[in-house]
Amino acid sequence: MGNIKRIIKDVLSEGIKKVDGQYEFNPNGDNFDDIIKFNDGISSITNNIYGDNVLVGIAFNSEGDHKNKLQFIKDLKFGDNITEEQVNYILDTVVKNLDEQIGLSKFDFIVSPQSSSKLNSKLMYRVGEQTNGEVISNFFVKNEVENIWMDIEKAKLDGKNNKFLKRLPKRFEMAKSVDNQSIKLQPLNRYERMYLRDFLRVNDEHKVISSMMGGAKVLLVDDIFSSGKTTNDMSGLLKSIGVDDVTIFTLFSN
């Protein structure tokens, strides 16, 4: 999905490290072993497949431990080993930076996918406080399993080898629940996810609103950008209903 680059100057102001199983904030500066570094701006991935701007709110220390990075994401998502005050500080800081950089008031709609993450709903709430646009959580939901499929032909065109192609259908079945009523991305690696088609759909509850979004400015909000599969699908769905101006904002890029 391209390299993350800094789009305004770095002014490091605060870092976070883990000490005795708990996170400590350092308001006086950053250290080489901090997990993340707050700064006065937002990172940007510029080559989304639809040409959309993808903004990332939290910059991880490139010299930090990758294992600590993954643990921090998990702890922040589920509220483990981190205080509510610290979570609120992180979200408030990131949303403030985002608003100063792109101006949240310019968006007509702020939308997010259905998520079990409390972090995502908290993020949406704070973003929503900075805009007069309509804020819609659960705008996208997972499609019915019978409507989700694996694009083997696309994999062939991408030059995937026979072993990979033969594995895709089996991996697709592994991602399904026992009752075949739902599907999860987690069993699939980032390359396999690229070939899932129609994974998401617009929530039936918001079909009326979606019909009025042509020409609107829309901000997509999600808590983590991993393979880019989910954000690409959401952006594609918005394009299909006539939205031309899409910006994607996520807390992390994994």
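For reference, positions follow the sequence shown, starting with 1.
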Practice task
Decide yes or no for Met150 and Arg171: does some side-chain heavy atom of the first lie under 4.5 Å from some side-chain heavy atom of the second?
Solution key: no
Practice task
Measure the shortest side-chain to side-chain distance between Ser137 and Asn120 over non-hydrogen atoms and say whether it is less than 4.5 angstrom.
Solution key: no
Exercise for the section: Flag the pair Phe172 / Tyr195 as yes when their ring centroid distance falls below 6.0 Å, and as no otherwise. Expected result: no
Is any NZ, NE, NH1 or NH2 atom of the basic residue among [X] and [Y] found under 4.0 Å from an Asp or Glu carboxylate oxygen of the other?
X: Asp99; Y: Lys96; answer: no
X: Asp233; Y: Lys229; answer: yes
X: Glu173; Y: Lys170; answer: no
X: Glu84; Y: Lys122; answer: yes

If you look at every heavy atom in [X] and [Y], which pair is closest and at what distance?
X: Thr131; Y: Ser105; value: OG1-CA, 4.0 Å
X: Gln186; Y: Arg193; value: CA-NH2, 3.8 Å
X: Arg197; Y: Asp151; value: NE-OD2, 3.5 Å
X: Ala216; Y: Val243; value: O-CG1, 3.6 Å

Should the heavy atoms of other residues, nucleotides or ligands under 6.0 Å from [atom1] of [X] be counted, would the total exceed 12?
X: Glu146; atom1: CD; value: yes
X: Lys207; atom1: NZ; value: yes
X: Asp198; atom1: CG; value: yes

Are [X] and [Y] grouped together when hydrophobic residues (ILVMFWY) are joined by side-chain heavy atoms under 4.5 angstrom apart?
X: Ile82; Y: Ile224; answer: yes
X: Tyr191; Y: Phe225; answer: yes
X: Met234; Y: Val141; answer: no

Practice task
Please collect all ring pair (Phe, Tyr, Trp, His ring centres under 6.0 Å) contacts where either partner lies in residues 92-140, sequence neighbours excluded, each pair once.
Solution key: Phe139-His206
Practice task
Give the intermediate values and the outcome of side chain to side chain contact (heavy atoms under 4.5 Å, CB included) for residues Arg126 and Asn88.
Solution key: CA-CA 10 Å; Arg126 281 166 173 75; Asn88 290 336; 2.8 Å; yes
Problem - Residue pairs, two or more places apart or on separate chains, that pass side chain to side chain donor-acceptor pair (under 3.5 Å) and touch residues 234-247 - result: Asp52-Ser235, Asp52-Lys239, Lys217-Asp245
Handout entry: Steps toward side chain to side chain contact (heavy atoms under 4.5 Å, CB included) verdict (Leu251, Leu119)
Key = CA-CA 10 Å; Leu251 273 182; Leu119 182 64; 3.7 Å; yes
Practice task
State whether a side-chain donor-acceptor pair under 3.5 Å links Asp75 with Gln71.
Solution key: yes
Practice task
Dump the intermediate steps for side chain to side chain contact (heavy atoms under 4.5 Å, CB included) on Leu76 and Ile90, then the final yes or no.
Solution key: CA-CA 10 Å; Leu76 189 56; Ile90 290 170; 4.1 Å; yes
Exercise for the section: Go through the steps for Val95 and Leu104 under the test side chain to side chain contact (heavy atoms under 4.5 Å, CB included), then give the verdict. Expected result: CA-CA 9 Å; Val95 172; Leu104 290 172; 4.1 Å; yes
